[in-house]
S.K.: 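One structure is given below, represented as structure tokens, and several questions about it will come after.
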2 protein chains.
Amino acid sequence: MKTRITLKKIATEFGVSISTVSKALKGSHEIGEELRGKIQAFANFYNYKPNNLALQLRNQKTSVIGVVIPEIVHHFFSTVIDGIEHYANKKGYNVMVCVSNESYEKEVLNFNVLTNGSVDGLIVSVARGTQESKNYKHLEALVKDEFPLVMFDRIINEIECDKVLIDDIGGACKATEHLIEIGKKRIALLSTEDFVSVGLLRKEGYIKALYHAGYKVEDDLIYKLDDSKDLKEQIKKLFEDPNMPDAILAVNEVYAANALVIAQEKGLSIPKDIAIMGFTSGLISEFTSPPLSCVEQHGYLMGEQAAELLIDRIEHKENKEYKREVISTNLKIRKSTKC
Amino acid sequence: MKTRITLKKIATEFGVSISTVSKALKGSHEIGEELRGKIQAFANFYNYKPNNLALQLRNQKTSVIGVVIPEIVHHFFSTVIDGIEHYANKKGYNVMVCVSNESYEKEVLNFNVLTNGSVDGLIVSVARGTQESKNYKHLEALVKDEFPLVMFDRIINEIECDKVLIDDIGGACKATEHLIEIGKKRIALLSTEDFVSVGLLRKEGYIKALYHAGYKVEDDLIYKLDDSKDLKEQIKKLFEDPNMPDAILAVNEVYAANALVIAQEKGLSIPKDIAIMGFTSGLISEFTSPPLSCVEQHGYLMGEQAAELLIDRIEHKENKEYKREVISTNLKIRKSTKC
DNA sequence: TTTGGTTACGCAAACGTTTTCGTGTTAGTA
DNA sequence: TACTAACACGAAAACGTTTGCGTAACCAAA
């Protein structure tokens, strides 16, 4: 790569000092009109652009936001990034994305790299490994240093920082109510293991709705799936129950879609024999047959909110109180629950 | 945010010079054992980490890779990013992602920001707007300065740089041959407008296969869809043809899934009445009913390859010849074409 | 006593900017 | 003629590192 042109090179070219060049390029009236014009023309010709690193070092500001997420090949997370990117760009920030791959170790590594001065703040959705290990030292360290930090979706209550979350309880509750409304009696929940905060909250909403409707909560209607094993095998068990449920609420789109495919293989009629709905309106839900009802999550909005909170925190250093924004959900009713 | 601890602060704390601290922290034997130990303990206690910006400026190296893509909420592109991220991390690089949103102007903006010294190299898949406008100045400028640049998927032939591409012609050809093999006679192509390089290449493969099989190419079997308008409306026309095709090859997953849904609404049997297949094995294809056959694209591998080419170019500055890696595709046959 | 070699540290340049505070020259005014 | 102001530019510090070189102080050998 050819070395880029710098102030120094322009300065020696004209036999003037670096500061003169700097001022000339900024159109300062301190510099004579003629020289100023010549320098500007020269710099323009050689496509001079100030070196960002130098500026960042001088201004003690990178205008970069770091984002650490568990996965990137994931409709919800990529939607959130999209929202972050959009808002950040509007405010003159760039985005650096790191993937933790659900691993605690990788997450800590990402934190170390990003907080070495490369970014002005961090937006994080914690890895499953972190939730499992309950080791939050890397997060606590940031909070202690008052490093701008926003958590979203997979948050940790013990850590005090700005947070953006989905109304998981409300969403699951509304969804369950919907299933009750269409006359379903035995509603199963396809959830994650309990240490995943989001799964736990959605279970809470599910239970709340059952309770309000006077249904009793049956533990064997709650299936906790392990993502590291074969999903279909685990879901199939639900259908083998002699007293099979007549509705399924899944905590994400993939669980729901898998359940739907299995139901069809078994020759069941959806939603008559069994109604199914999921969380997140990704692309899958639209194209299954019948299309899946779901709880829409508004990831883009969530990303925008997270970026807004972070940039606010970065720019107004006054230690305002930590905010906790809840993004409400809404039901997208499609044919999989439309009787 | 509390200001981070620096060499200077440690130096004044111990009443020694900055260089002494620097050497002590690096374990240099130039520094006496006792002082060295004390300084290390102190730095460790205050969690000293060298400021990355300063290092980057000094070493004239950021160890960051910039990625500019048209969309991020897109299975293929997010898979590529995943591959890039993985390889880059392995080699000690970080990734900065910018989205052009298919807009030429946004792409140029992204280029300007990233090439100001913030990244060591760029991986790009050009926006539709850029392909349409045929304005490649921003790319040419980089090539002229020998700035490390890799293009993938949506490439531009006129620009000389490292490239990674899908074997679009071969993939489309294999897919078409498959449709011919299962006895289909009138194979339609659901493609993009011609200025999208990828669409054009896939059309080429489609035509090649027809030609080899002795089929004649009928222009009215080739549908060019406009992404900015309602897709379903455009695809429906295909089914209204009195001499309706008996197979569809779509250049991406969404086109294929939409076609499938419409076919079902029309009460057609798939694949008997009409076989359908797409490109990219995203999540949709698995969950449609019947599941969609498709040409698998191996985006992750593509990302890894792109990152490898870029890092090679960054680290071995010798101007090797530009490489052009082709990632081969394979057919994933599912029920939508299995008679 | 001179020479030579350690040991243990400091100086200063370099990376590329911006910006404050000089300072020399010229022109204008009393 | 002398003083002042405007003009046009330079020096240097600052951001935080790393590193080659210089140099005191000390000790040992000649």
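Chain identifiers are assigned alphabetically (A, B, ...) following the order of the sequence lines, protein sequences preceding nucleic acid strands; residue numbering begins at 1 within each chain.
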S.K.: Please report, rounded to the nearest Å, how far the C1' atom of D:dT17 is from the CD1 atom of B:I10.
M.R.: 12 Å
S.K.: At under 4.0 Å between heavy atoms, what does A:S22 touch on the DNA or RNA strands: base, sugar-phosphate, or nothing?
M.R.: base
S.K.: Relative to the 5' end of DNA chain C, which residue comes earlier, B:S19 or B:N59, by the nucleotide with the nearest heavy atom?
M.R.: B:S19
S.K.: For the pair made of NZ in A:K9 and P in C:dA14, what is the distance, rounded to whole Å?
M.R.: 14 Å
S.K.: What's the CG-P distance between B:N51 and D:dT17, to the nearest Å?
M.R.: 6 Å
S.K.: Tell me which one of B:I311, B:I314, B:I65 satisfies side-chain contact (heavy atoms from CB on, under 4.5 Å) with B:K91.
M.R.: B:I311
S.K.: Between A:I5 and B:G15, which has a closest nucleotide on DNA chain C that is more 5'?
M.R.: B:G15
S.K.: Please determine, for the side chain of A:S17, which listed nucleotide (C:dT17, D:dG10, C:dC15) has the closest atom?
M.R.: D:dG10
S.K.: Once you round it to whole Å, what is the distance between P of C:dG16 and CG of B:L57?
M.R.: 7 Å
S.K.: Rounded to whole angstrom units, what separation is found between the CG atom of A:N52 and the P atom of C:dT17?
M.R.: 10 Å
S.K.: Just to verify, which of B:V21, B:N51, B:I39, B:T12 counts as forming a side-chain contact (heavy atoms from CB on, under 4.5 Å) with B:L7?
M.R.: B:V21
S.K.: Atom CD of A:Q60 and atom P of D:dC15: how far apart are they, to the nearest Å?
M.R.: 7 Å
S.K.: Look at B:E102 together with B:R154 and state whether they make a salt bridge at an N to O cut-off of under 4.0 Å.
M.R.: yes
S.K.: May I ask you to verify if any side-chain N or O of B:K8 is less than 4.0 angstrom from the OP1 or OP2 atom of D:dT17?
M.R.: no
S.K.: At under 4.0 Å between heavy atoms, what does A:L7 touch on the DNA or RNA strands: base, sugar-phosphate, or nothing?
M.R.: base
S.K.: Calculate the interatomic distance between B:I18 atom CD1 and C:dC11 atom P; express it in whole Å.
M.R.: 10 Å
S.K.: Using a 6.0 Å cut-off, check whether atom OH of B:Y46 has over 12 heavy atoms from anything other than its own residue.
M.R.: no
S.K.: So B:E13 and B:K9, salt bridge (Lys or Arg N to Asp or Glu O under 4.0 Å) or not? Walk me through it.
M.R.: CA-CA 6 Å; B:E13 183 73 23; B:K9 286 183 198 157; over 6 Å; no
S.K.: Which residues within residues 23-38 of chain B lie with some heavy atom under 4.0 Å of an atom in DNA chain D?
M.R.: B:K23, B:K26, B:E30
S.K.: Rounded to whole angstroms, how far apart are CD1 on B:I39 and C1' on C:dA8?
M.R.: 12 Å
S.K.: With sugar-phosphate meaning primed atoms plus P, OP1 and OP2, does B:F14 contact a base, only sugar-phosphate, or nothing at under 4.0 Å between heavy atoms?
M.R.: nothing
S.K.: Show your reasoning for whether side chain to side chain donor-acceptor pair (under 3.5 Å) applies to A:Y300 and A:H86.
M.R.: CA-CA 9 Å; A:Y300 188 86; A:H86 179 250; 3.0 Å; yes
S.K.: Is any side-chain N or O of B:Y48 closer than 4.0 Å to OP1 or OP2 of D:dG16?
M.R.: no
S.K.: Indicate yes or no for a side-chain donor-acceptor contact from A:N59 to the backbone of A:L55 under 3.5 Å, with no hydrogens or angles considered.
M.R.: yes
